[in-house]
Amino acid sequence: MVQKKNIYNALTGEATVVDYTAEEQASYDDYNSTEKVTARKLEQVKELRLEKLIETDFYALGDVTMSDAMKTYRQNLRDIPANYVDEAAYDLLLTRDPDTKELTHSVWSKP
């Protein structure tokens with residue numbers, strides 16, 4: 001499907017809708033390819049996972065006793081790339097509550 005873009009002329013106040021050029025369309029198609037969309041979602045998941053691990057890093061200090069539940073939580077976070085391997089799984093991991101904007105998947109819930 002050929003994408004369209006709006007071109008606005010500030011001098012005349014006219015707006016025109018035109019098709020993407022072949023180069024723009026190719027760039028759009030490449031950016032939105034399944035492989036690249038999936039890779040971007042995986043990157044988002046990994047960034048969230050890193051944030052959650054950093055939030056709980058202090059539990060891993062030598063002078064703090066980490067509960068078994070926290071050990072399991074942190075291990076589950078580390079296992080995300082191995083346990084969730086396709087775009088549908090990434091979509092589930094990235095789902096947020098519409099009201100609170102909090103992540104809804106149980107893997108993100110701290111013990």
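Worth saying up front: this structure is predicted, and the values here are computed from it rather than measured. Quick note: numbers below take in every heavy atom, side chains included, and nothing from hydrogens, waters or symmetry partners.
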Quick one: list whatever passes side chain to side chain contact (heavy atoms under 4.5 Å, CB included) with [X], sequence neighbours left out.
X	result
Asn6	Val17
Tyr31	Arg40
Asp68	Lys71
Ser33	Glu35, Lys36

Under 4.5 Å side-chain heavy-atom separation, chaining through any Ile, Leu, Val, Met, Phe, Trp or Tyr, what else clusters with Leu50? Say none if it is isolated.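 Members other than Leu50 - counting any ILVMFWY side chain reachable under 4.5 Å - are Ile54.
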What's in the same ILVMFWY side-chain cluster as Leu53, cut-off under 4.5 Å, chained through other members?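 Members other than Leu53 - counting any ILVMFWY side chain reachable under 4.5 Å - are Leu42, Val45, Leu48, Phe58, Tyr59, Leu61, Val64, Met66, Met70, Tyr73, Leu77, Ile80, Tyr84, Tyr90, Leu93, Leu94, Leu103, Val107, Trp108.
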Counting only N and O atoms by type, is there a donor-acceptor contact under 3.5 Å from the side chain of Gln25 to the main-chain atoms of Gln3?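 It does hold such a pair.
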Under the side chain to side chain donor-acceptor pair (under 3.5 Å) rule, collect the residues that match up with [X], sequence neighbours excluded.
X	value
Asp91	Lys41
Arg74	Thr56, Asp57
Arg78	Gln75

Can you pull the salt bridge (charged side-chain N to carboxylate O under 4.0 Å, His left out) pairs that have at least one residue in residues 97-111, sequence neighbours excluded?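 Residue pairs passing salt bridge (charged side-chain N to carboxylate O under 4.0 Å, His left out), neighbours aside: Glu55-Lys110.
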Is there any salt bridge (charged side-chain N to carboxylate O under 4.0 Å, His left out) pair reaching into residues 3-22, and which pairs are they, with sequence neighbours excluded?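 Those involving residues 3-22 are Lys4-Asp19, Lys5-Glu24.
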I need the full list of ring pair (Phe, Tyr, Trp, His ring centres under 6.0 Å) pairs touching residues 32-53, with sequence neighbours left out, sorted by first then second residue.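 Of all non-adjacent pairs touching residues 32-53, none passes ring pair (Phe, Tyr, Trp, His ring centres under 6.0 Å).
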